[in-house]
Every structure is written in C-alpha cells, then in structure tokens.
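What follows is a single structure, written as structure tokens, with notes after it.
Reminder, nothing fancy here: chain letters follow the sequence lines and each chain counts from 1.
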Amino acid sequence: MENESLSQRAAELRARIHVANHYYEVVNDPVIPDAEYDRLMRELERMEREHPELLVSDSPTQRVGAPVSKLETISHDVPMLSLANAFADEEVVEFDRRIRELLGVEEVRYSTELKFDGLAISLLYRDGKLVRALTRGDGERGEDVTHTVRTIKSVPLLLMKMSRDRHGRSFSLVPENLEVRGEVCMPHASFYEFNQRALAEGRKTLANPRNAAAGAIRQLDPAEAKKRKLAFFAYGVGQGLENFTLLPSQSDVLVSLQELGFQVAAETGIAIGADGCLDFYRKVGNGRDQLPFDIDGVVYKVDRFDQQRALGFVSRAPRWAIAHKFPAQEEMTVVEAIDVQVGRTGAITPVARLKPVQVAGVVVTNATLHNADQIARLDVRVGDSVIVRRAGDVIPEVLSVLIERRPADTAPYALPSVCPACGSAVVRSEGEVVARCSGGLFCPAQRKQALIHFASRRAMDIEGLGERMVEDLVDFGFAHSVADLYRLSLAQLLDLKQQADARAGATPETVKAGKIASKWAENLIEAIERSRRQSLERLLFALGILQMGEETAKSLARAFGSLDAIRHADPMLLLALPDIGPKVASSITSFFAQPHNQEVIDALLANGVEPQASGVPSAALAARLDLGHLLGAAKALGAPLGRLGDTSIGRIAQARPSLEAVQAAGEHGLTALGVPAEAAAALFVLLAHPHWGPRLRAVDSAMAALREAAPQQAAGGPLAGKTVVLTGAMTAMTRDEAGARLEALGAKVAGSVSKKTSFVVAGEAAGSKLVKAQELGVPVWDEAQLLTFLAEQGG
DNA sequence: CAACCTCGAGTTCA
DNA sequence: CTCGAGGTTG
C-alpha cells in the first residue's frame with residue numbers, strides 16, 4: 001500500500017520534471033521557477049536513494065551514467081545518407097527544375113530547414129524510451145554514444161505527447177519504435193561559457209563549437225560531455241516513419257516531433273519553388289550571426305512524402321533534397337611574418353604566419369602564399385591586414401590585402417636568395433613559377449623531406465616514422481640517406497631517443513619508461529622490416545624522383561617488372577613509353593645518372609630491400625611500343641634522321657614491327673611501302689651510325705621484350721575501353737581494391753572526371769567529383785551497383 | 001598548336 | 001583541394 005503510493009509519487013515527480021525540462025530546454029518558456037524545479041529534483045533523488053527499487057532508466061536523475069571503456073561501432077538499421085550540395089543560386093534553380101520535370105508538376109512545395117554545423121546523430125526509441133544513440137559514422141555504421149547523448153537536456157529520455165498549451169500534459173500514445181534523426185551542436189553561449197571557465201582554470205580551450213560538440217559526444221565519460229551543455233535539434237525520422245502514415249509530409253513530421261518533445265529549429269518553414277527557397281536562404285543568411293549556434297547552410301526537402309518516394313535516390317543521396325551552403329567565410333587578420341618552407345624537391349614556398357583568426361569554424365594561423373608570383377600579385381607585406389578564407393572550406397588562402405590599413409614602414413617582400421636551411425643559392429629557372437634550393441641532398445631540409453616522403457603511407461608505408469622521428473634521425477646523424485634506415489639497430493634507436501629527450505630538456509617524469517621506449521623502438525624496427533618487401537611501384541615512388549608520382553611509378557614498375565631494368569633503362573626507351581615525355585624522361589634519367597643515387601639504391605638492395613614486382617603491364621603499353629615511337633623518341637633525343645620525316649616513320653611503323661624486320665626487308669623493302677628513297681636511305685645511314693645504330697638496336701630489342709610481356713589486348717574485358725572514376729569511401733573494399741578489380745575487367749581507372757569518363761562510382765561522402773559527374777551528365781553508380789556488377793562479372 | 005585530360009606537388013588542421 | 005604543367009590528341 002505504502003509502496004504503491006511511493007511509486008506513484010515518484011512517477012508524478014518524473015513526469016513533472018520531464019515536462020518542466022521540456023518547457024525550459026525545448027520550448028524556451030519555463031513553466032515553473034528554477035527553485036521549484038530544483039526542489040522536485042532533490043525530492044526525486046532522495047526517494048530513489050532511499051528506495052532504489054523506484055529507480056528507472058528514464059528518470060531525469062539518470063542522465064549521467066557510468067563511463068564506458070570504448071565506443072562500440074554499430075550498423076544503422078536505415079543508412080544515414082548524405083545530401084547533394086549547392087553553392088550557387090543557379091544550382092538551386094536547376095534542382096527545382098529537375099524535380100518539377102521528374103514529378104511532372106508546375107510547382108513544388110519544400111520544407112526549408114537549417115543545416116547545422118554540428119554532428120548528425122540517430123536516436124532510437126523503444127516504447128518511448130531512449131535506448132540508443134549513434135553517430136552518423138560512414139553512414140552505414142556509427143558509434144554508440146548513448147551515454148553522452150543522454151546528458152543533452154534537449155534529448156528526451158522519455159517521449160510524451162506534449163500538448164502545446166502550457167498546462168496540459170496528456171500522456172497519449174507514443175510510437176513503439178521510432179528513430180529520430182537530428183544534429184547535436186554546441187550553442188555559442190555554452191561554448192563561450194566553457195572557454196571562459198577553461199581560461200580561468202588554466203585548462204585548454206576548445207577551438208570551435210563544432211569540434212567541441214564532436215569531442216564531447218565521443219567522450220568516454222558522460223560527466224565530461226555534460227559540462228559542454230550541448231543541444232539537439234531534430235530534423236527527421238529514420239525507421240518508424242510508418243508511425244506517421246497519417247502525416248503526408250516532412251513539415252508535418254517536424255511538428256509531430258515537436259509534440260513528442262523534440263526541439264526543432266524555429267526557423268524551419270515551408271517554401272514554394274526555387275524562389276521561395278532562395279528567399280529563405282537569404283533571410284537565414286542575413287540572420288545567421290544572430291543565431292545562437294553555427295550553421296553552414298540551409299536544406300531544402302521536397303515536402304510531400306509521396307513525391308519524395310517518386311523521386312527516390314541517386315548514389316546514396318536522396319534526389320528530393322539538397323543542401324545550399326553559405327560561401328566560405330572570409331575574415332580579416334594581420335600578417336605577422338612571412339616564412340619560407342623547403343619542400344622535398346627543394347621548392348621554396350612562402351607561408352604567411354597570421355594572427356590567429358577564426359575562419360569558418362577553425363582557427364587559422366598559417367596560409368600558403370604559394371610562390372613569389374602570388375606574393376607579387378597580392379603585394380603581401382609583413383604587417384599587412386589581409387582577408388583570409390578557407391578555399392573549398394579546407395585550405396586557408398590569402399585573398400587580398402587591405403592597402404588602406406598598411407602601416408607606414410613596410411617594404412615589398414622578397415624571397416630569400418639563399419636557402420634558410422642550408423645556405424645554398426635559391427634559383428628560379430626560366431619560365432618556372434617555383435624557386436628552388438639548389439642544395440639538393442646536401443640541404444638538411446630536403447633530406448628530411450625526402451625521408452618523410454620515403455616513409456609516408458603512400459610510399460613505403462613505414463608506420464611510426466613521421467616528421468618528428470625523421471627530424472631526430474637527421475639531426476643526430478643516424479640517417480643521411482634512405483638506405484640508412486635499413487641499417488638501424490634497436491640499440492641505436494634507444495640511443496637516439498635518449499639524445500632527443502635530452503635535447504628537448506625533458507624531465508625524468510616525462511621521459512618514457514625504458515620498457516615503453518624499447519617497445520616503441522621494436523615497433524619501428526618491425527615496421528621498417530615490413531617495408532623491405534614493399535612493391536616495386538611504391539619503392540620507385542618513394543625514391544622521390546622528380547616528376548615520378550604514383551601513376552608514373554606504377555606504369556614504369558609494371559612495364560619493366562624490375563628495379564634493375566629501370567635503373568639502367570635507356571632514356572630513349574623511357575621516352576617511347578606512354579605518358580612519359582621529354583621532361584619526365586630526363587628527370588628519371590638524370591636521377592639515375594647521379595652516382596650518389598645509384599649508390600643509395602645499391603645500399604638499399606644490400607640491406608635487404610626486395611621490391612616486389614606487382615601487376616601486369618597495361619594493354620596500352622603494348623600498343624604503344626612500336627617502331628614509330630622508337631624513332632620518335634630517337635628524334636627527340638637528337639638522333640640525325642636526315643630526310644626521314646614523320647610521314648615516312650608512320651608508314652614504316654605500320655608495316656614493320658621492329659628494326660629487325662626493317663633490316664631484313666632492306667632498303668627496297670621500305671621503298672616498296674611507298675617510303676621515299678631518300679627517307680629509306682636515311683634510316684639505313686642512321687642504323688650504320690657508330691653511336692645511334694647499336695643504341696637503336698638495343699632499345700628495339702628491349703621494346704620487343706616488354707611487348708612480349710604485355711597482354712596482347714584488353715582481351716575484350718567487359719569494361720574494355722571504359723574509363724572509370726572512383727570517389728568517396730567504399731565500405732566493402734578500399735578504393736584501391738575496387739580500382740584493381742575494375743582494371744582486371746579491362747577498365748581504365750582515372751583520377752578525375754571529364755567528358756570521357758564512362759561512369760563514376762560514388763561511395764560515401766563523395767565530393768566534387770560527384771558534383772562534376774552530375775554536371776557533365778556522366779552516369780553515377782553507387783557501391784551496391786558496383787558490387788552487383790563485380791559479382792556478375794567476377795563469377 | 002590548341003584544347004583537353006591527367007598527373008604531380010604542395011598545403012592546413014584536428 | 002587547387003594550381004601548374006606535362007602529355008596526348010584532333
């Protein structure tokens with residue numbers, strides 16, 4: 001009897017607190033005084049303490065639970081899709097036009113909403129109780145962050161049908177199963193308050209509200225998350241939409257979500273057609289600064305669900321919605337200094353050191369000035385006030401100088417004439433934009449960059465060998481060239497660590513204990529060991545040969561199959577290969593012509609580096625390795641061709657696969673092909689040349705050997721002649737794997753979208769390439785389509 | 001030789 | 001991501 005009235009009282013308290021909390025947090029119109037709220041809370045807490053059997057998980061006292069040990073990754077029942085983006089008004093007009101066309105209607109009604117700059121979260125309710133909160137993750141799988149999301153006061157732990165008059169609290173039916181989607185963000189007030197306190201207490205401040213919110217949500221300890229006072233705004237329903245069958249539109253669902261206790265942005269509304277959307281965009285844009293939280297644009301969704309269903313999806317994004325982003329934010333700041341960086345190739349890059357400034361959500365302190373031309377164009381000087389923006393919302397860029405704010409005593413900036421790292425002359429060759437340090441590997445900066453490049457993920461992929469480590473290795477003389485890496489011993493690494501710690505002036509407490517240090521050193525040795533058997537194409541790329549990127553390295557490695565063949569290859573042969581012209585060929589040749597480089601390669605091989613041959617030569621290679629290209633290459637290298645012109649070369653190449661065949665046929669064998677007698681004679685004079693003759697024959701037989709190894713044709717693969725571009729992240733396989741499988745079917749996998757692209761495979765979070773594909777009308781596949789296709793073809 | 005497609009190189013911040 | 005420039009193609 002008494003127990004029953006106690007539990008009734010507890011239920012009543014919980015309900016009153018839930019309602020009060022809802023009006024305070026969500027409606028922003030408190031129904032009871034703070035003191036009264038606190039009193040109810042205390043009473044409930046006391047009852048729960050004295051009668052633990054009264055405790056239920058959705059009690060308002062239970063927002064902060066125990067810390068978790070790690071974040072679990074869980075699959076979304078319904079994937080969380082991304083939205084297509086629009087930046088210009090025209091794109092919105094086009095979006096509306098397409099929708100009207102597809103639906104065959106005159107006019108479309110849109111739900112207009114804010115695009116929060118926070119992080120997307122899915123909330124799962126069972127029988128009205130919050131049971132799970134997941135981050136968006138990759139859209140397919142997210143992290144379980146229920147423990148931190150529970151601490152957000154505007155996330156209802158329990159759903160109730162909140163009538164909108166402030167006295168009513170009817171507990172009418174709530175859906176059995178409902179997934180609510182929305183955005184968690186940190187309001188400016190919370191952000192400001194948190195940082196004020198952090199400053200006062202000497203703790204680290206948060207960089208921006210977005211990252212602060214993301215960081216808070218991913219905390220293991222919910223108490224930490226609670227301190228950041230986050231907010232949640234609902235904008236849609238995932239699973240459980242069937243609960244709203246009586247509601248025919250998105251805007252109705254938003255109202256209904258509000259009635260269930262969720263906060264929905266007040267700015268949300270309805271617009272008719274593109275004009276209505278653009279009005280909304282401008283209105284929100286103008287009021288953006290007054291909003292209590294950050295947004296990075298607005299979203300338009302076709303309002304009617306029947307129309308949404310009719311429109312469907314394109315490659316993981318709904319066709320019925322688009323995000324209209326605000327332009328990259330621009331800010332003013334001051335150039336405090338202009339430094340230069342020395343790159344791996346010696347490129348001297350000026351960098352503006354800026355007075356820290358918030359631009360589009362992050363604090364920017366550096367901005368590249370690219371090169372001397374750019375500096376001259378802008379006339380940036382130390383002390384100038386400049387406008388900075390984040391290009392493509394990522395990389396900071398100096399847009400312009402505010403001349404009127406320039407201090408009196410400034411001078412135009414000039415690049416240093418000597419390298420700041422080694423003192424060698426800085427040279428800028430004719431017609432080049434970049435200035436380079438001439439010190440080569442004598443320059444410590446270049447040596448460091450060369451090592452960093454060598455170890456980087458896309459090259460030899462030596463984990464644990466990052467910038468800091470390389471710095472120490474070079475400074476303390478443990479590594480002069482990349483080959484030295486393969487001579488490092490455990491003892492040397494520990495010695496290095498000690499010296500580095502000593503230099504850093506580390507106190508004994510901050511120095512890692514001996515055991516940890518040795519574990520670290522073992523790991524590095526292990527990583528270096530693994531890299532010994534890295535593929536040939538990676539090794540070629542890792543060597544840092546100018547103009548030798550991943551693509552060139554790949555095609556060279558596949559064509560030749562061995563490092564030995566490449567390092568001794570005749571430039572004439574290189575020049576005959578596809579995608580290698582005079583610049584690339586001479587860069588490769590001059591790299592291998594330097595005794596020092598050959599020594600390093602010898603040392604690598606002597607220390608157990610065994611590059612693995614990988615892949616087969618491309619079919620394009622075989623088609624290209626003919627007499628015409630051989631003679632073309634010879635001509636480019638200055639061979640005396642005399643009267644042998646391009647037309648004659650073409651004619652000969654058509655009929656004769658090799659020099660051998662030409663010699664067998666003799667001079668009149670050529671004239672019989674319609675080649676002028678002087679041209680045929682010139683070729684034979686060339687072949688008799690003491691230098692060019694043997695060289696041509698040698699390259700000719702090398703070409704024959706490569707041709708031999710190359711596949712005869714893309715033997716009619718199902719994708720022969722198709723060019724495919726991959727973008728975004730795949731879930732079932734990596735992009736590289738997907739590329740390899742497409743290539744196996746005869747496709748050419750390219751890096752950028754153009755008119756010639758046959759189709760684009762767009763994974764999750766696809767960016768500009770997807771946009772470009774849509775612009776050019778290139779077909780787009782999603783990952784599922786690709787997998788189906790591969791399964792069909794792969795057998 | 002001009003237009004076009006690609007690739008290489010450099011860069012920022014959390 | 002963006003710029004510049006190398007290479008290919010019509």
Give every pair of a protein N or O atom and an N or O atom of nucleotides 1-3 of chain B that lie under 3.5 Å apart, one pair per line with the distance.
none

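- In this structure, A:A214 reaches neither bases nor backbone, as no heavy-atom distance under 4.0 Å exists between it and the strands shown.
- Positionally, the nearest nucleotide of DNA chain B for A:G343 lies more toward the 5' end than for the other of A:G343 and A:V364.
- The side chain to side chain contact (heavy atoms under 4.5 Å, CB included) search around A:A445 returns A:V342, A:A421, A:C443, not counting sequence neighbours.
- In this structure, the side chains of A:K554 and A:F541 stay at 4.5 Å or more apart for every pair of heavy atoms.
- Atom CG of A:L556 and atom C1' of B:dC7 are 14 Å apart (whole Å).
- Residues satisfying the side chain to side chain contact (heavy atoms under 4.5 Å, CB included) criterion with A:K635, sequence neighbours excluded, are A:L641, A:D646.
- Close to B:dG8, at under 4.0 Å from its OP1 or OP2, lies no side-chain N or O of A:R344.
- Among residues at least two apart or in separate chains, side chain to side chain donor-acceptor pair (under 3.5 Å) pairs with a member in residues 543-553 of chain A are A:R458-A:E550.
- A:F454 is linked by a ring pair (Phe, Tyr, Trp, His ring centres under 6.0 Å) to nothing, counting only residues two or more places apart in sequence or in another chain.
- At the phosphate of B:dT11, OP1 or OP2 sits under 4.0 Å from a side-chain N or O atom of A:Q341.
- Phosphate proximity of B:dT11 to A:N366: absent, as no side-chain N or O sits under 4.0 Å from OP1 or OP2.
- Residue A:T368 has no polar side-chain atom (N or O) positioned under 4.0 Å from OP1 or OP2 of B:dT12.
- Considering only side-chain N and O atoms, A:T365 lies nowhere under 4.0 angstrom from the phosphate OP1 or OP2 of B:dT12.
- The shortest distance between the side-chain N/O atoms of A:T552 and the OP1/OP2 oxygens of B:dG8 is below 4.0 Å.
- Scanning for side chain to side chain contact (heavy atoms under 4.5 Å, CB included) contacts around A:T333 gives A:L354, A:K355, A:V357, A:V386, A:V388, with sequence neighbours left out.
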